[in-house]
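Here's the structure we're looking at; comments come further down.
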Amino acid sequence: MAVAEVLNRSISQTLSTNGSAPRFEMNGKKATRFGFGEGLVVLGEKYDNVVVLGGDITGSVMTSYFKDKFPERFFSMGITEATATLVASGLALSGMIPFFATYGAFASCRNTDMIRISLAYNDANVKIGGGHAGISVGEDGATHQALEEMAIIRVMPNMTLVVPCDFLEAKKATIAIGEHYGPCYIRFGRSDVPSFTREDTPFEIGKAQTFKDGNDVAIIACGPMVWEALVAAYELEAEGVSARVINMATIKPIDRLAIVRAAGECKAIVTAEEHQVTAGLGGAVSEVLAQELPTPIEFVGVKDTFGGSGKPDELMKYFGLTSADIKSAVQKVLKRKQ
Amino acid sequence: MAVAEVLNRSISQTLSTNGSAPRFEMNGKKATRFGFGEGLVVLGEKYDNVVVLGGDITGSVMTSYFKDKFPERFFSMGITEATATLVASGLALSGMIPFFATYGAFASCRNTDMIRISLAYNDANVKIGGGHAGISVGEDGATHQALEEMAIIRVMPNMTLVVPCDFLEAKKATIAIGEHYGPCYIRFGRSDVPSFTREDTPFEIGKAQTFKDGNDVAIIACGPMVWEALVAAYELEAEGVSARVINMATIKPIDRLAIVRAAGECKAIVTAEEHQVTAGLGGAVSEVLAQELPTPIEFVGVKDTFGGSGKPDELMKYFGLTSADIKSAVQKVLKRKQ
Amino acid sequence: MARLTHTIYPLATGFHGPIRPEPNKELVSKYGYEHFTAYKNSPDNSDETLHEIAQEIRRDIIRALVEAKSGHSGGPLGSADIFATLYFGGVMRYDAKNPWSPDRDRFVLSAGHMCPVLYATLANAGFFPKAELLTLRKFNSRLQGHPGRDMGLPGIESSTGSLGQGLGIAVGMALSDKRVDKNDRRVYALTGDGEISEGEIWEAALIAAHWDLDNLTVIVDRNNCQIDGRTEDVMKLNPVGDKFRAFNFHVIECNGNNISELRAAFKEAQSIKGRPTCIVAETFMGHGVSFMEDDYRWHGKPPTSEQAEQALSELVG
Amino acid sequence: MARLTHTIYPLATGFHGPIRPEPNKELVSKYGYEHFTAYKNSPDNSDETLHEIAQEIRRDIIRALVEAKSGHSGGPLGSADIFATLYFGGVMRYDAKNPWSPDRDRFVLSAGHMCPVLYATLANAGFFPKAELLTLRKFNSRLQGHPGRDMGLPGIESSTGSLGQGLGIAVGMALSDKRVDKNDRRVYALTGDGEISEGEIWEAALIAAHWDLDNLTVIVDRNNCQIDGRTEDVMKLNPVGDKFRAFNFHVIECNGNNISELRAAFKEAQSIKGRPTCIVAETFMGHGVSFMEDDYRWHGKPPTSEQAEQALSELVG
Ligand SMILES: Cc1ncc(C[n+]2csc(CCOP(=O)(O)OP(=O)(O)O)c2C)c(N)n1
Ligand SMILES: Cc1ncc(C[n+]2csc(CCOP(=O)(O)OP(=O)(O)O)c2C)c(N)n1
Ligand SMILES: [Mg+2]
Ligand SMILES: [Mg+2]
């Protein structure tokens, strides 16, 4: 494969331009859904053909910002996720750029056939926002904790899937998918999570970003797990382990080169996602490396079970989604390294 | 991991009891859907709480057999895949063993949220039959060619997913899931495909079967691609390559041990599925090996595109799903083998 | 021919085993929960008795929610009269001490978010200790934020929470009872009104009518409110009764905050042959608590502790 | 403020590029397809002319299907009069030579399996050469077994084939026209009758009425047939008109095999303000071919060559 050849040429070079970049610091906490909401307003201001469909939870997924600002381009669909997706397709086929957002469990599962045929096969320029990602939803419990979307969206041809890591990246990603042609899905969360990326941190659809350099192990993460990965990596550094942290903000199309480089240079990988470990980010990374450069991987994620009610922190701990879990996974993968 | 330890102990032993078993021979052709239809009748004869729901295509997915034989236990649901799935859940929660079958594209996508919550989270004893698997559907085209179900079902906790390789195995698998507690999905096809398993070929949920021994490469396949794998393997044998063929009839829970053993003993893997190469069988195998024993894998499957109209053979060839494609993949992976 | 059976109740494979959260002991005794004796379910209970039970259900909802610090107030309070009538007016047949008894009538809460009212009802009927209400929404509680069958809570027939799914499940249960087992059990399902914009409601309605499921009673909690506003602003639903009539249901429109109208409606539903019944129960969201009444902003909020005290002081007798 | 635009027509990224199958030359000349001049779309076309066009559409359906050796006969034949009226009676505005013109009216075939009638109609209107009809369902044809927008066939507004989806798409188009662009374009969608058991039809109906989409006309092909049998046996749909009325549509019931009734119905639909219209068009499956008429077994079968000859001999004038 072409990628492997690229690798052969670059394998022992240090790629990182971020190597000497300043550490990311936590700069307060804010849920990624607010970035989505603000990104929509920016798009609304820029383009008059951006329209938003409401699914009776506009205040939860922050489409309320757009609704308040551009009421004439906001359309309530009631509680009809499947058909709201179809209406979005019809709007897109009329030259509009429609966003439809609801909880991720319903944004990817209630309308899967519609995503498959009326968005993906139709190549309709629709943007789906899936909120309440993962168990950090908290008290609402299993039904509302979306843990399966990455697999469902990733398997559909033509789809683009982005999972921003913090508030600011969510805003950038929302704007980016709005300006990108084709059906896209953006995943964001309910609870406040650390803000740490900066205005100048690059975001590009399809491009992974190395947030911390390192050569003993690469932690490939997405969503708020990127922060957990950074915390783990900084702690590991103090313990003498040099861990690279890669923000895989686009799950589809996945940045094969970044993965292969990481594997070639670090020879051990940990993936971290607030999602089932089945068929999600860990799956995507495994597929690339199985084809390009077989490498030991440990998966941090929810291990094929449903979530449940509780405080977000309690749940993240119980389900093994903290920086401590990432550190254990690193220790484990380092033992497997050859 | 425990599996890796088991492997360490067994790695250089030849496991195969099938080593000296007779070759599988083609014994006519018959679509797997007929096995599903016949299996339902066997279940209906054995258990009076097996019931079947129709989705207005009973003659295509062969629930018509059951309908003719047990009209009082057959219930037409019209064209309501989402709610038929819910009705099945209600029947299961009443002690029935309901089967609901329709085309796989709709059996897994039109009702994804229902599968997630009312079957999987509910742990309801419902059996979903997904017909018209893959592009071998032929002329009906992309909308009707289910290529995404394995990813969608595999990511759901509690689900069992079986993909039988021929008519007889489809019959056995149907009976097996009927007698197994829990939500299950069985995938079967429209077009005639080679019959080659025998009455005494074992089928067990969760257990892979080695259909041909070999130690240079292992071809892990499911559905009618198992026959293509056998053809490829027999041809390769003549060319001096010893290829193992594993029938991975259960995709979830996947037989980790069989995969790790194959990787340990053959050191090169090819997966073959009539499904997207994303997040399906290839994905499942990659996930296991990334965690247990990183090994080069080549994927045979549909490469992230939709299908289209045409004759089944034309399509299988165009999309790269023949024994010849498996052979090329084997050649490729052998070159990558260390 | 044999029946292949599996133990399906109680499931109790809950998300991480049997270590349940402890209810707050002080509150348990403050509310007198340790001395509580379950109410009887009887057609002889007077309207006044049922009203009193409804008010107790409402108080329990408030207590559970203020402890949980999250959850849904409006729908549960508004529908308490429906639950009091169903579970204590001799409408549903059940045995709280034998909750999975094979001849029980069944209730499915299609509007899963309204579970506080169901939990409070079940506790008042003696399905489980009232103190457990105070564990609502806590880590590993059997009282999940939306009903989870995996927790094995007596009286919870199915997991729900994704709107529009429970009715289809109830249809499956009614189909099983009427067409396979041919018994005389009845199935009740409650949906929100916003919820009926989900297409699965109409698929389920078609199927129920197609199979003449006269053992099924659907109650639509017509409170004219949903999350984003008044239903007619968010998604116009009127005329609700005509819709179900056109889907071949027997339709009864009644005041869902009036016990005697509800009693008559359930009685009528039981007498209808050959078609399912839909009771369009007109309620007020938040009924019984002045500052919540008919205000959609109370759909999904718990009261603060001051608001809870105020609410409890209003919810007397 | 700017508009962010992308070229969305024609897509033509079809499943493997531009090498299209060749129509059978002999048949092309046998059917006179090379000398065909497109019919005009005009309100001045008489009922007789429209009937003749409908018959020609039917003949083209038979020819395409017998060549394809698979595909759907019944629904397409039964609805040919609807298509003739829509496309040639001056009802829809379009320019076959400029098929993606931004002021065209749009048609969405929600019942995607009925595409042979749409393909035949488009060919008769001059959207593409008639000879191409003979490539139906062949490898890489623009005439897919179910419409695929990726093939870029002029006149195909959306991929369809999964029942119940097209109407929602049409609603989105009508919403765009009426509420965002505020133009006077109209949108037409045709559904099968079996298809309306899908809940998305009722969600779409709610949304269309909520947003007063009087620029939307839904035609239900009420042929009482679906794959497994008569609709009322497979899933009872009656009363269809009442259902749409209860969902706040203006409803017109008419004989869908009668050109003048159809004309009147479309005219009435165009005059209705403030609500969408549903035309319940009562048709016979397979209409025009004696041995197919009103027989659900012809839903998804092509004729054999003998049957095709018989059919063509019946489909005159
Ligand atoms: C499929 C699905 N979509 C969205 C939601 C989020 N949601 C929960 S309750 C609700 C509003 C329901 O309105 P209604 O049925 O009238 O209940 P009420 O507000 O009166 O309690 C919504 C949109 C959900 N739980 N399930
Ligand atoms: C979602 C979905 N479910 C099932 C099918 C299979 N299917 C194709 S046509 C059809 C029957 C449709 O009946 P009707 O709408 O009355 O069309 P007619 O038979 O009259 O042409 C079915 C079930 C489908 N295409 N899409
Ligand atoms: Mg309401
Ligand atoms: Mg029909």
Side-chain angles (χ1 to χ4, degrees), chain A residues 1 4 81-82 105-106 108-117 120-121 142-143 146-152 154-158 252-253 263 269 271 275-280 282-299 302-306 332-333 336 338, chain B residues 1 4 81-82 105-106 108-117 120-121 142-143 146-152 154-158 252-253 263 269 271 275-280 282-299 302-306 332-333 336 338:
Chain A
M1 287 234 143
E81 294 83 1
F106 314 129
S108 65
C109 288
R110 195 55 165 257
N111 53 357
T112 316
D113 196 26
M114 292 72 202
I115 292 179
R116 178 173 182 268
I117 291 173
Y121 183 46
T143 55
L147 290 166
E148 294 79 18
E149 321 105 284
M150 306 214 297
I152 292 169
R154 194 164 81 78
V155 72
M156 305 281 178
N158 288 353
K252 183 170 189 162
I269 304 274
T271 59
H275 186 272
Q276 302 290 356
V277 288
T278 317
V285 171
S286 300
E287 288 165 17
V288 171
L289 293 179
Q291 292 173 85
E292 306 287 357
L293 189 64
T295 302
I297 313 182
E298 290 294 326
F299 297 169
V302 176
K303 299 193 167 48
D304 204 21
T305 62
F306 284 101
K332 202 158 162 191
V333 84
R336 295 175 50 205
Q338 310 189 318
Chain B
M1 285 234 142
E81 294 83 2
F106 314 130
S108 65
C109 288
R110 195 56 165 257
N111 54 357
T112 316
D113 196 25
M114 291 73 202
I115 293 178
R116 178 174 182 268
I117 290 173
Y121 183 46
T143 55
L147 290 168
E148 294 80 17
E149 320 105 284
M150 306 214 296
I152 292 168
R154 194 164 81 77
V155 72
M156 304 285 177
N158 289 353
K252 182 170 191 162
I269 304 274
T271 59
H275 185 271
Q276 302 290 355
V277 288
T278 316
V285 172
S286 301
E287 288 165 17
V288 171
L289 293 179
Q291 292 172 84
E292 307 286 357
L293 189 65
T295 303
I297 313 182
E298 289 294 326
F299 297 167
V302 176
K303 299 195 165 47
D304 203 21
T305 63
F306 284 101
K332 204 158 160 190
V333 83
R336 295 175 52 206
Q338 306 188 324

Discussion item. Is B:V277 in contact with chain A via its backbone, its side chain, both, or neither, using a 4.5 Å heavy-atom distance?
Written reply: backbone

Fill in: For B:M114 against A:R110, the heavy-atom pair lying closest together
CE-NE, 3.4 Å

Worksheet entry | Proximity breakdown for B:T295 and chain A, heavy-atom pairs closer than 4.5 Å | backbone

Worksheet entry | B:E287 side chain vs A:A279 backbone, donor-acceptor pair below 3.5 Å | yes

Discussion item. Is it the case that the side chain of B:R154 and the backbone of A:A151 share a donor-acceptor pair, with hydrogens and angles ignored and the cut-off at 3.5 Å?
Written reply: no

Worksheet item: Checking heavy atoms, do the side chain of B:K252, its backbone, both or neither come under 4.5 Å from chain A?
Response: side chain

Discussion item. As an exercise: rank A:A142, A:C109, A:G282 by heavy-atom pairs under 4.5 Å with chain B and give me the winner.
Written reply: A:C109

Worksheet item: B:V288, B:V333, B:I297: which one forms the most heavy-atom pairs within less than 4.5 Å of chain A?
Response: B:I297

Worksheet, complete the sentence: Looking only at B:T143, B:I117, B:I152, B:I269, most heavy-atom pairs under 4.5 Å shared with chain A are made by B:T143

Item to complete: Would you tell me whether B:T112 and A:T112 have side-chain atoms, one donor and one acceptor, within less than 3.5 Å of each other?
Response: yes

Fill in: Side chain to side chain, A:Q291 and B:P296, heavy atoms closer than 4.5 Å
no

Fill in: chain B contacts, top residue of A:K303, A:R336, A:M156 (heavy-atom pairs, under 4.5 Å)
A:R336

Practice prompt. Specify the closest pair of heavy atoms between B:V155 and A:Q276, including all atoms of both residues, with the distance to one decimal.
Written response: O-CG, 3.6 Å

Practice prompt. Output yes when a side-chain donor or acceptor of A:R116 lies under 3.5 Å from a complementary backbone atom of B:F106, and no otherwise.
Written response: no

Worksheet item: In terms of heavy-atom proximity below 4.5 Å to chain A, should B:M150 be classed as side chain, backbone, both, or neither?
Response: neither

Worksheet, complete the sentence: Checked B:A120, B:A284, B:A82 vs chain A; the most non-hydrogen pairs under 4.5 Å come from B:A120

Discussion item. So which atom in B:A290 and which in A:S286 form the shortest heavy-atom distance, rounded to 0.1 Å?
Written reply: CB-OG, 3.6 Å

Item to complete: Heavy atoms only: give me the nearest B:D113-A:A105 pair and the separation to one decimal.
Response: OD1-O, 4.1 Å

